[in-house]
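A short write-up of the structure that comes next.
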Amino acid sequence: MIREQPTVVSLDGDVDFASRKGVREKLLGAVGPGRPLLLVDLSGCGAVDSEGLAALLSVAQAIHERGGVMKFCSPSPFVERLFHVTRLGLVFEVHRDRRTALESF
Amino acid sequence: MIREQPTVVSLDGDVDFASRKGVREKLLGAVGPGRPLLLVDLSGCGAVDSEGLAALLSVAQAIHERGGVMKFCSPSPFVERLFHVTRLGLVFEVHRDRRTALESF
Amino acid sequence: MSPFDPRRGSARVWVPASAAFLSPLRIFLERSLEAWLGEALVRSATEELLVAVQEAVTNVIRHAYRNGPGIVEVALDLEERGEEAEVCVRDTGRPFDPASVEPPDFAHPTPGGYGLHVMRCFADRCEFGRDGRTNWVRLTRRVRAASEIRAETT
Amino acid sequence: MSPFDPRRGSARVWVPASAAFLSPLRIFLERSLEAWLGEALVRSATEELLVAVQEAVTNVIRHAYRNGPGIVEVALDLEERGEEAEVCVRDTGRPFDPASVEPPDFAHPTPGGYGLHVMRCFADRCEFGRDGRTNWVRLTRRVRAASEIRAETT
Ligand SMILES: Nc1ncnc2c1ncn2[C@@H]1O[C@H](COP(=O)(O)OP(=O)(O)O)[C@@H](O)[C@H]1O
Ligand SMILES: Nc1ncnc2c1ncn2[C@@H]1O[C@H](COP(=O)(O)OP(=O)(O)O)[C@@H](O)[C@H]1O
């Protein structure tokens, strides 16, 4: 079986109200034409707030509309709590580390 | 000729009004009994202000009174400018890098 | 804006209502809490308080001032014997009744609408009010490690 | 304290007169200048302005309030078309005449006495005054890269 290879993007700055446009552009710009497969590595990101999560959700929805898949890996404990209280951890597929996430595609 | 080996201390936090007591203690605590030879590496230090320089001068004077020598190395361009405007660059022996400083003892 | 209270142990900031000032504000509050509590500061609680504050400030920028000009005041209360930090966010934009806002529809997630919910989850207390022409949100959160409290009161 | 000027593009902070707040203050000013000027901010000029401000605040803590309780106000003026940053430090401690202070004796260095000299060297302008019961120091420094200024005015 040949496994499809997702595009991996590491978010390294803040993911919040101030940076939401740049985050959207970075993620949507990273996937090529065709069916997008995207893995977002959160290990290095700075401050995250609900507007940042909203930007991630809007990207996930755009990718889903194109028949693609977007997953996450390596959230900090704080980002895990934010996924938890917003219930977005139930909507997004979030993996503990990058290896596990890559194997899931 | 056997060269004397100075104690080398790297200052990594701020060297300012807030930290001046800790800086004094760290430097004076690092030299043993006898004639103190001290090299202070400034490459990693944070904010420096005139109160920080005053603390360094007071340590240099204490070491001088005990017949010892205190030198500096690796100041940032900003710290060099601070040495320059206070003329303390004329009082302290400041070397560009650690190797040159060690060879000067 | 409320008159200035010169009590020792409180820090206050005014910034333009602009997303560019979220980062200066957040780091100022974080460093002030560190200055105040040092090793006793609980990091995880601080992260949650700071994001709750950021949600409040973002709402002021987007909704109270509708992305137009305005000033946001943020006051951090540093009561010396307290175990809690209290952050009050004030604006002079349009009034707002939080009771009129529906909670998020978790079954149908939309990009947005989580701000008030995050504030309520991450603060121990979250109160809203209006004095004269000033709106305020007061967020309270215990941020000091319990062992420190005990050591001080015995 | 002077009345608040609600003009857009200025940031203001009040902190307790304590050395612990030098770091929150410095990083707030630095991040605010970054928020304002971005890539056009000249790092070396900013470092010098920020240490000049720190000297002023340290003098307020040590001399104006004699290490006792008090509030320090720091206002950063962010004029949108200006090439300069202006920082005003205010206190309500004892009055002070900078003209009465001797310059440092460079031939006989002592641990201390360099603060005013550093302020004057590292700011483009350094003015002192008193309004009512408030002392102020205003430090001005060009911090925007020249190419940016030209690009804007042509
Ligand atoms: N400070 C405020 N001033 C005015 N209206 C507000 C304020 N905060 C929130 N609101 C209103 O409450 C709604 C929900 O806010 P929130 O939960 O933060 O989600 P979002 O801001 O993403 O819509 C907003 O859409 C807005 O209509
Ligand atoms: N804000 C102030 N309020 C009162 N006196 C001051 C103030 N700033 C400076 N001074 C006086 O001026 C002197 C010189 O100040 P400075 O050059 O900063 O060096 P230092 O603070 O190390 O003595 C101080 O010793 C003090 O007497």
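Below, chain A is the first sequence line, B the second, and so on; all start at residue 1. The shown structure was predicted, so the numbers you read here are calculated from the model rather than taken from an experiment.
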Taking only residues two or more places apart in sequence or in another chain, which ones pass ring pair (Phe, Tyr, Trp, His ring centres under 6.0 Å) with D:F122?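 In terms of ring pair (Phe, Tyr, Trp, His ring centres under 6.0 Å), with neighbours along the sequence ignored, D:F122 is linked to B:F78.
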Any side-chain hydrogen bond (donor to acceptor under 3.5 Å, both in side chains) involving residues 106-121 of chain C? Give me the pairs, sequence neighbours left out, ordered by first then second residue.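 Listed by first then second residue: C:D105-C:H108.
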C:R62 meets the salt bridge (Lys or Arg N to Asp or Glu O under 4.0 Å) criterion, sequence neighbours left out, with A:E51
Please identify, among C:A19, C:A75, C:P24, the residue contributing the most non-hydrogen atom pairs under 4.5 Å to chain D. C:P24
Taking heavy atoms only and a threshold strictly under 4.5 Å, list by residue number the residues of residues 28-35 of chain C that touch chain D; give 'none' if the list is empty. C:F28, C:R31, C:S32, C:A35
With a cut-off of 6.0 Å (strictly less than), are more than 12 heavy atoms of other residues, nucleotides or ligands near CZ of D:R94? yes
Count the heavy atoms of every other residue, nucleotide or ligand shown that sit under 6.0 Å from CZ of C:R130, and state whether that count exceeds 12. yes
Quick check on the interface: out of D:V74, D:L22, D:V15, D:V13, who has the most heavy-atom pairs with chain C under 4.5 Å? D:V13
